[in-house]
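Below is one structure; the comments refer to it alone.
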Amino acid sequence: MAVISIPLTNLAATPLPGGLATARPNLLDLDLKGCEALVTSLGHKAFNGRNLFKWIHKHGVLDFEAMTDLSLGLRTQLHDTTEIRPPRLAEEWPSADGTRKWMMELADGQRVETVLIPLLIPQERRNTLCVSSQVGCALNCSFCATARQGFNRNLTPGEIIGQVWHATRWLGVPPSNVVLMGMGEPLANFDNLVTALSIMQDDLAYMAAKQRVTVSTSGIVPNIYRLAEVSDVSLAVSLHAPNDALRDELVPINRKYPLEVLIPACRNYIGDERRRRVTWEYVMLDGVNDSPTHAKQLIRLLEGTRSKVNLIPFNPFPGSDYRTSPSERIIAFRDRLIRSGLFTTTRKTRGDEISAACGQLVGRVRDRGRRAPAPPAWPLPVVAT
Ligand code: SAH
């Protein structure tokens with residue numbers, strides 16, 4: 001059958017090395033509206049797009065033949081002109097604490113990492129999925145392992161949502177929380193991020209409530225404003241320093257968007273809704289940002305902004321000179337913030353023995369000389385987390 005052309009700008013074929021493109025657009029790149037537009041462009045009623053979207057995301061079906069409520073004609077058209085292509089699971093590392101890291105291989109052989117972190121309360125099957133948004137990262141934060149590999153490319157919407165797709169198949173249900181805290185800067189991949197968020201939140205797909213999805217940013221200020229216009233997910237900001245001089249050094253994007261513009265952008269994001277707050281991530285670096293003076297500056301900086309501070313013990317990686325603050329200093333820092341009225345938590349490091357902890361995700365450019373272990377058979381049985 002002849003290949004028909006699909007007149008949708010967001011249905012681009014995935015680029016492959018050497019400028020080649022896969023022949024077929026990937027349906028994982030489409031949100032509900034995109035699926036409806038696609039089937040309409042193929043001459044069918046829009047409700048078929050809803051069914052198609054549900055088959056892919058809610059039921060995890062990749063085979064058009066199995067989509068029994070689509071007409072045979074539509075199934076044939078889809079089969080002949082498109083594909084549903086989640087990333088390939090190349091490697092998997094389970095950790096003793098239940099954390100599980102997956103290496104996902106993309107169509108061009110690039111690799112990104114995704115981490116599933118079960119909640120520590122055994123009776124509750126809740127979990128958090130940490131998702132990557134780019135291959136590598138351009139922002140060069142001085143304490144982050146991903147920064148060391150530089151920036152390679154943005155993930156497509158299908159490559160972002162494909163991580164959630166896989167985790168959902170593995171769990172048997174969608175993850176309870178999704179955090180964009182894997183590799184990359186989500187707000188530097190804005191349009192693809194927004195499409196992926198729309199799929200995550202869709203009732204026909206992963207049904208993630210706004211409080212259950214968190215976008216973490218190093219502070220791309222214009223895109224914090226843009227996000228406020230189109231999305232209501234939770235916002236976390238990698239602050240890490242309470243003054244510009246130190247933040248310029250730790251999070252270099254601060255030179256472009258300093259604190260005096262970052263803080264108002266975050267206030268604007270949470271708006272007037274009393275229950276919303278900004279989560280500020282603050283990595284505890286020994287002798288760098290963890291003194292009583294830093295705590296005082298932080299308290300002053302966040303005055304008047306509804307906030308939650310999340311202190312993250314630094315996770316070391318080969319080649320980094322930083323050390324994590326001693327636990328007494330983390331506790332003292334936390335207590336100062338709490339005494340001032342700031343809601344403060346300390347993040348428990350999970351999965352560090354499999355390098356799955358914050359800032360340790362590095363992915364890998366495909367090394368054809370080395371054999372990766374065989375991927376697990378999918379879907380695997382549902383397991384309790
Ligand atoms: N680019 C986004 C999201 C990715 S990083 C951002 O900057 O927010 C997710 C979180 O892990 C960020 O707060 C980041 O600053 C933190 N992080 C990075 N490297 C770390 C490390 N080695 N130890 C602890 N946290 C780290």
Side-chain angles (χ1 to χ4, degrees), residues 112 131-155 160 179-194 196-197 214-231 233-271 277-285 288-290 294 297-312 314 320-322 358-359 361-363:
V112 292
V131 167
S132 294
S133 55
Q134 297 181 315
V135 183
C137 187
L139 294 181
N140 211 16
C141 296
S142 60
F143 52 87
C144 180
T146 307
R148 302 290 166 98
Q149 75 178 83
F151 174 70
N152 198 306
R153 70 167 173 86
N154 282 331
L155 297 191
I160 300 173
V179 294
L180 272 296
M181 293 187 189
M183 298 166 63
E185 166 52 50
L187 292 190
N189 183 12
F190 191 83
D191 293 340
N192 294 348
L193 170 77
V194 167
L197 292 177
T214 302
V215 169
S216 177
T217 178
S218 54
I220 314 267
V221 164
N223 287 353
I224 296 177
Y225 283 103
R226 281 175 77 197
L227 190 68
E229 299 291 315
V230 295
S231 182
V233 296
S234 304
L235 181 70
V237 176
S238 294
L239 190 61
H240 306 314
N243 61 64
D244 281 322
L246 184 55
R247 195 163 190 269
D248 281 353
E249 199 185 300
L250 301 179
V251 185
I253 192 75
N254 193 69
R255 295 176 203 156
K256 192 159 181 195
Y257 305 116
L259 294 170
E260 66 181 7
V261 298
L262 176 62
I263 304 286
C266 297
R267 282 196 189 168
N268 172 72
Y269 190 85
I270 54 173
R277 20 178 158 191
V278 182
T279 298
W280 304 99
E281 295 161 282
Y282 195 100
V283 65
M284 297 299 290
L285 301 169
V288 175
N289 64 355
D290 59 354
H294 292 122
Q297 291 177 345
L298 185 57
I299 293 163
R300 212 169 317 130
L301 181 71
L302 300 184
E303 231 164 48
T305 307
R306 289 189 308 282
S307 298
K308 170 184 165 180
V309 179
N310 195 198
L311 302 177
I312 314 173
F314 169 67
S320 119
D321 294 333
Y322 293 111
C358 271
L361 304 187
V362 287

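For reference, positions follow the sequence shown, starting with 1.
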*asked:* The criterion is side-chain hydrogen bond (donor to acceptor under 3.5 Å, both in side chains); which residues satisfy it with D244, sequence neighbours excluded?
replied: N254
*Say whether, by atom type as modelled, one donor and one acceptor occur between the side chain of N223 and the main chain of L187 under 3.5 angstrom.*
yes
*asked:* Applying side-chain contact (heavy atoms from CB on, under 4.5 Å), can you list everything that pairs with Q297, at least two apart in sequence or on another chain?
replied: P242, N243, T293, H294
_For a 4.5 angstrom cut-off between non-hydrogen side-chain atoms, does V278 reach K308?_
no
*If you look at every heavy atom in F314 and S320, which pair is closest and at what distance?*
CZ-OG, 3.2 Å
*Closest heavy-atom pair and its distance - N289, V283*: ND2-O, 2.7 Å
*asked:* With a 4.5 Å cut-off on side-chain heavy atoms, are V112 and L155 touching?
replied: yes
_Sequence-distant partners of D290, side-chain hydrogen bond (donor to acceptor under 3.5 Å, both in side chains), two or more places apart_ = S325, R329
Enumerate, atom names and distances included, each donor-acceptor pair closer than 3.5 Å involving a side-chain atom of residues 136-145, sequence neighbours excluded.
from: S142; atom 1: OG; to: Y322; atom 2: OH; distance (Å): 2.7

*Would you say T279 and L235 make side-chain contact, with heavy atoms under 4.5 Å?*
no
*Would you say F190 and N154 make side-chain contact, with heavy atoms under 4.5 Å?*
no
*Closest approach of T217 and I220, non-hydrogen atoms and distance?*
OG1-N, 3.4 Å
*State, to 0.1 Å, how close C266 and V237 come at their nearest heavy-atom pair, and which atoms those are.*
SG-CG2, 3.6 Å
*asked:* Do L239 and L301 have side chains that approach each other closer than 4.5 Å (heavy atoms only, starting at C-beta)?
replied: yes
_Nearest non-hydrogen partners of V233 and V215, listed with the distance_ = CG2-CG2, 3.8 Å
*Under the salt bridge (Lys or Arg N to Asp or Glu O under 4.0 Å) rule, what pairs show up with a residue in residues 214-229, not counting sequence neighbours?*
D191-R226
Give every donor-acceptor pair under 3.5 Å between a side-chain atom in residues 255-262 and any protein atom, sequence neighbours left out.
from: R255; atom 1: NE; to: D248; atom 2: O; distance (Å): 3.3
from: R255; atom 1: NH2; to: D248; atom 2: O; distance (Å): 3.1

_Going by side-chain hydrogen bond (donor to acceptor under 3.5 Å, both in side chains), name the residues that satisfy it together with T214, two or more places apart in sequence or in a different chain._
none
_My understanding is that only residues two or more places apart in sequence, or in another chain, count here; which of them pass side-chain contact (heavy atoms from CB on, under 4.5 Å) with A188?_
Q134, E185
*Closest approach of R306 to R277 (non-hydrogen atoms, all atoms of both residues)*: O-CB, 3.1 Å
_side-chain contact (heavy atoms from CB on, under 4.5 Å) involving S133 - partner list, sequence neighbours excluded_ = L180, P186
_Is any side-chain heavy atom of V288 closer than 4.5 Å to one of L250?_
yes
*Check side-chain contact (heavy atoms from CB on, under 4.5 Å) between S307 and all other residues, then give those that pass, not counting sequence neighbours.*
W280, L302, T305, L342
*asked:* Less than 4.5 Å apart, side chain to side chain, heavy atoms only: is that true for Y282 and I312?
replied: no
